[in-house]
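Hydrogens, waters and symmetry mates are skipped; everything else that's a heavy atom, side chains included, is used. Being a predicted model, the structure only gives us computed values, none of them experimental.
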Amino acid sequence: MMRKDLQYYAKKFAKLNVNRHRDRGPAPHKPVLLISVIELIEQGKIRRNQVPLSPELISTFLKYWRSLVTTDHRSDISLPFVHLTGDKFWHLSFYPDSETATSKGLGSKGVTAVRRIVEYASLDPELFEILQDPGQRVILLRVLIDSWFSGQSSKVEQLSLIDEFESVKSQLLREGGATYNVDDLKDEENIVVRNGAFRKIVVSLYDQRCAFCGLRIISADGQNIVDGAHIKPFSEFRDDRFVNGLALCKNHHWAFDHGWFGVDDSYRILIPEERFTEQPAVGSRDMTAFHGETIGLPTDKKFMPNIEGLRWHRARWQIAQDRTYL
């Protein structure tokens, strides 16, 4: 059995199984994806051997694609994310409710479909361990550049200094968010990145806390239990302005999206009567006990939740504003 060491993976990276078009030449998708993964490992954004198809990965992929790819291949990160499995060192893990799913035909379904079905990709344990070492990581990066983008090492080095996802977040923050038309939604990769940036920014505007209950939990690698939620659904209104956002923990995000509570024009919590029963966890409060309390709000008043959006939400779920506050 061949030893899976640095030399083994250097050969793998130099001879990736890619589609070779008569006119366009070899497809650059797989090497661009691997360069992107190496950057995120270098930045400490991938700390475990789990590589989700995240906005951070997609934005990094697009950064390198725009600068390194000179052929007329179409950018689509879902293709290499799925088809790298054919190189035998990249493996897909599906969400529990997608256990019967396979990678066959999945790569052609697009970014949104892959994100819905695939929880994350993982590398061979041996390869992931090798990529933890800066010296060996550089060697494999050079193999990718020399094999697939010869003469572009200085460009890759310059690009690696740019945190593309943070750049997108900064741009959106300056703009106050964005709205999109139907044609914009055809660019799946860009929409996923910008929507992911919207959610991250909204949570930061609320100091990483749930606006309903005040919960704030952040993991060592920066993962947050609080979501950036839309007041008016993005699927209907394509509105990623920050005034259309609320920071909510997983439980209260779900409850808001299902009309279990609303927010009035004075930013007080409205709990509809007889919509649910509950038995709170030991030491915690009933959800109904929050009725009449003011939600947590952004410190920057220009990002206060849009009143029109809150009214739309109450009307959508038939939440009356005139219930007596306790």
Item checked: Main-chain N/O of F13 paired to W148 side chain as donor or acceptor, under 3.5 Å -> yes
Checklist line | Heavy-atom closest contact (L248 atom, A229 atom, distance) | finding: CD1-CB, 4.1 Å
Next item on the list: Output the distance between atom NZ (K232) and atom CH2 (W312), rounded to the nearest 0.5 Å.
Entry: 7.5 Å
Next item on the list: In sequence, state the C-alpha distance, the side-chain angles, and the governing distance for E42 and S160, and then conclude on side chain to side chain contact (heavy atoms under 4.5 Å, CB included).
Entry: CA-CA 9 Å; E42 175 76 30; S160 70; over 6 Å; no
Note to self: Classify the ring geometry of F234 against Y180: parallel below 30°, tilted from 30° to 60°, perpendicular beyond 60°.
What the structure shows: perpendicular
Notebook entry, point to check: E278 side chain to M287 main-chain N or O, any donor-acceptor pair under 3.5 Å?
Noted result: yes
Item checked: Sub-6.0 Å ring centroid separation between H252 and W260 -> no
Notebook entry, point to check: Should V203 and F212 be counted in the same cluster of Ile, Leu, Val, Met, Phe, Trp and Tyr side chains packed under 4.5 Å apart?
Noted result: no
Next item on the list: Measure the spacing between OG1 of T299 and CE of M304 and express it to the nearest 0.5 Å.
Entry: 10.5 Å
Checklist line | Connected via hydrophobic side-chain network under 4.5 Å: V168 and F198 | finding: yes
Checklist line | E157 CD: over 12 foreign heavy atoms closer than 6.0 Å | finding: no
Next item on the list: Taking atom NZ of K15 as the centre, report whether more than 12 heavy atoms of other residues, nucleotides or ligands fall under 6.0 Å from it.
Entry: no
Next item on the list: Taking E188 for its side chain and T112 for its backbone only, find out whether a donor-acceptor pair lies under 3.5 Å.
Entry: yes
Notebook entry, point to check: To the nearest 0.5 Å, how far apart are SG in C213 and CD in E293?
Noted result: 10.5 Å
Check: Hey, do the aromatic rings of F276 and F261 have their centres closer than 6.0 Å?
Finding: no
Notebook entry, point to check: Mind checking whether V263 and H313 have side chains closer than 4.5 Å, heavy atoms only?
Noted result: no
Check: Ion pair present between D227 and R199, side-chain N to carboxylate O less than 4.0 angstrom?
Finding: no
Item checked: Pairing of D87 and K12 as salt bridge, 4.0 angstrom limit -> no
Cut-off 3.5 Å, no hydrogens considered: what does the side-chain donor-acceptor table look like for residues 125-133, sequence neighbours left out?
| from | atom 1 | to | atom 2 | distance (Å) |
| --- | --- | --- | --- | --- |
| Q132 | NE2 | F128 | O | 2.9 |
| D133 | OD2 | G135 | N | 3.2 |
| D133 | OD2 | Q136 | N | 2.9 |

Checklist line | N/O donor-acceptor pair under 3.5 Å between K63 side chain and I162 backbone | finding: yes
Notebook entry, point to check: At what distance, to the nearest 0.5 angstrom, does OH of Y95 lie from CZ of R116?
Noted result: 11.0 Å
Check: Got a sec: does the CZ of R142 have more than 12 other heavy atoms crowding it under 6.0 Å?
Finding: no
Item checked: Whether H29 and H73 hold their rings parallel, tilted or perpendicular, with breakpoints at 30° and 60° -> perpendicular
Notebook entry, point to check: Would I41 and I38 show up in the same hydrophobic cluster when neighbours are defined by side-chain heavy atoms closer than 4.5 Å?
Noted result: yes
Next item on the list: Write down the atom of L172, the atom of A197, and the distance for their closest heavy-atom approach.
Entry: CD1-CB, 3.6 Å
Checklist line | Exam field: side chain R268 to backbone H291, donor-acceptor pair closer than 3.5 Å | finding: no
Notebook entry, point to check: For R3, does the CZ atom have more than 12 heavy-atom neighbours from other residues, nucleotides or ligands under 6.0 Å away?
Noted result: no
Next item on the list: Say whether, by atom type as modelled, one donor and one acceptor occur between the side chain of D264 and the main chain of S266 under 3.5 angstrom.
Entry: yes
Notebook entry, point to check: Going by heavy atoms in the side chains, are E39 and L159 under 4.5 Å from each other?
Noted result: no
Checklist line | Residue pairs involving residues 235-246 (criterion side chain to side chain donor-acceptor pair (under 3.5 Å); sequence neighbours excluded) | finding: N195-D240, H230-D240, D239-R241
Checklist line | Neighbour count above 12 (heavy atom, 6.0 Å) for K250 NZ | finding: yes
Check: Would I46 and V37 count as a side chain to side chain contact (heavy atoms under 4.5 Å, CB included) if you check the C-alpha gap in whole Å, the side-chain angles of each, and the deciding distance to 0.1 Å?
Finding: CA-CA 8 Å; I46 296 177; V37 169; 4.2 Å; yes
Check: Is there a side-chain contact between Q208 and I217 (heavy atoms, below 4.5 Å)?
Finding: no
Item checked: Under-4.0 Å salt bridge between D163 and K45 -> yes
Notebook entry, point to check: For P80 and F61, which heavy atoms make the closest approach, and how far apart are they?
Noted result: CG-CE1, 4.2 Å
Check: Quick one: CG on L205 to CG on L246, what's the gap to the nearest 0.5 Å?
Finding: 11.0 Å
Notebook entry, point to check: Considering residues, nucleotides and ligands other than N251, do more than 12 of their heavy atoms fall under 6.0 Å from its CG?
Noted result: no
Check: Can you name the closest pair of heavy atoms from G228 and V202 and give their distance?
Finding: CA-CG1, 4.0 Å
Next item on the list: State whether D265 and R314 are salt-bridged, where the test is any N-O pair (Lys NZ or Arg NE/NH1/NH2 against Asp/Glu carboxylate O) under 4.0 Å.
Entry: yes
Notebook entry, point to check: Among the clusters formed by ILVMFWY side chains lying less than 4.5 Å apart, do L215 and I271 turn up in the same one?
Noted result: no
Check: Hey, are the side chains of L34 and F89 touching, using non-hydrogen atoms and a 4.5 Å cut-off?
Finding: yes
Checklist line | CD/E175: more than 12 non-hydrogen atoms of other groups inside 6.0 Å | finding: yes
Item checked: Heavy-atom side-chain proximity of L62 to E164 below 4.5 angstrom -> no
Next item on the list: Kindly give the heavy-atom pair with the smallest separation between G296 and Y206, and that separation in Å.
Entry: O-CE2, 3.3 Å
Note to self: Under a plain distance cut-off of 3.5 Å, with no hydrogens placed, do E189 and S75 share a side-chain donor-acceptor pair?
What the structure shows: yes
Notebook entry, point to check: Less than 4.5 Å apart, any side-chain heavy atom of L310 and any of Y267?
Noted result: yes
Next item on the list: Ignoring hydrogens and angles, tell me if any N or O in the side chain of K30 forms a donor-acceptor pair with the backbone of V18 under 3.5 Å.
Entry: no
Notebook entry, point to check: Is there side-chain contact between R209 and V226, with at least one heavy-atom pair below 4.5 Å?
Noted result: no
Check: What do the steps show when you test I231 against F256 for side chain to side chain contact (heavy atoms under 4.5 Å, CB included), and what is the final call?
Finding: CA-CA 8 Å; I231 298 171; F256 184 78; 4.2 Å; yes
Next item on the list: Could you check if a side-chain atom of P298 sits within less than 4.5 angstrom of a side-chain atom of P305, using non-hydrogen atoms only?
Entry: yes
Notebook entry, point to check: Ignoring hydrogens and geometry, is there a side-chain-to-backbone donor-acceptor pair from S147 to L144 under 3.5 Å?
Noted result: no
Notebook entry, point to check: Is a salt bridge present between K169 and E166, judged by a nitrogen-to-oxygen distance below 4.0 Å?
Noted result: yes
Margin query: How close do G309 and N306 get, counting heavy atoms only, and between which atoms?
Written below: N-OD1, 2.8 Å
Notebook entry, point to check: Would F165 and V193 satisfy side chain to side chain contact (heavy atoms under 4.5 Å, CB included), going step by step from the backbone distance to the final call?
Noted result: CA-CA 8 Å; F165 188 65; V193 170; 4.2 Å; yes
Next item on the list: State whether the side chain of D184 and the backbone N or O of N181 hold a donor-acceptor pair below 3.5 Å, judged by distance alone.
Entry: yes
Notebook entry, point to check: Do the ring planes of W90 and F81 sit parallel (below 30°), tilted (30 to 60°) or perpendicular (above 60°)?
Noted result: perpendicular
Next item on the list: Please confirm whether the backbone N or O of L53 pairs with a side-chain atom of R115, one donor and one acceptor, at under 3.5 Å?
Entry: yes
Check: How many angstroms lie between atom CG of L270 and atom CD1 of I295, to the nearest 0.5 angstrom?
Finding: 10.5 Å
Checklist line | Shared hydrophobic cluster for V243 and I201 (ILVMFWY, side-chain gaps under 4.5 Å) | finding: no
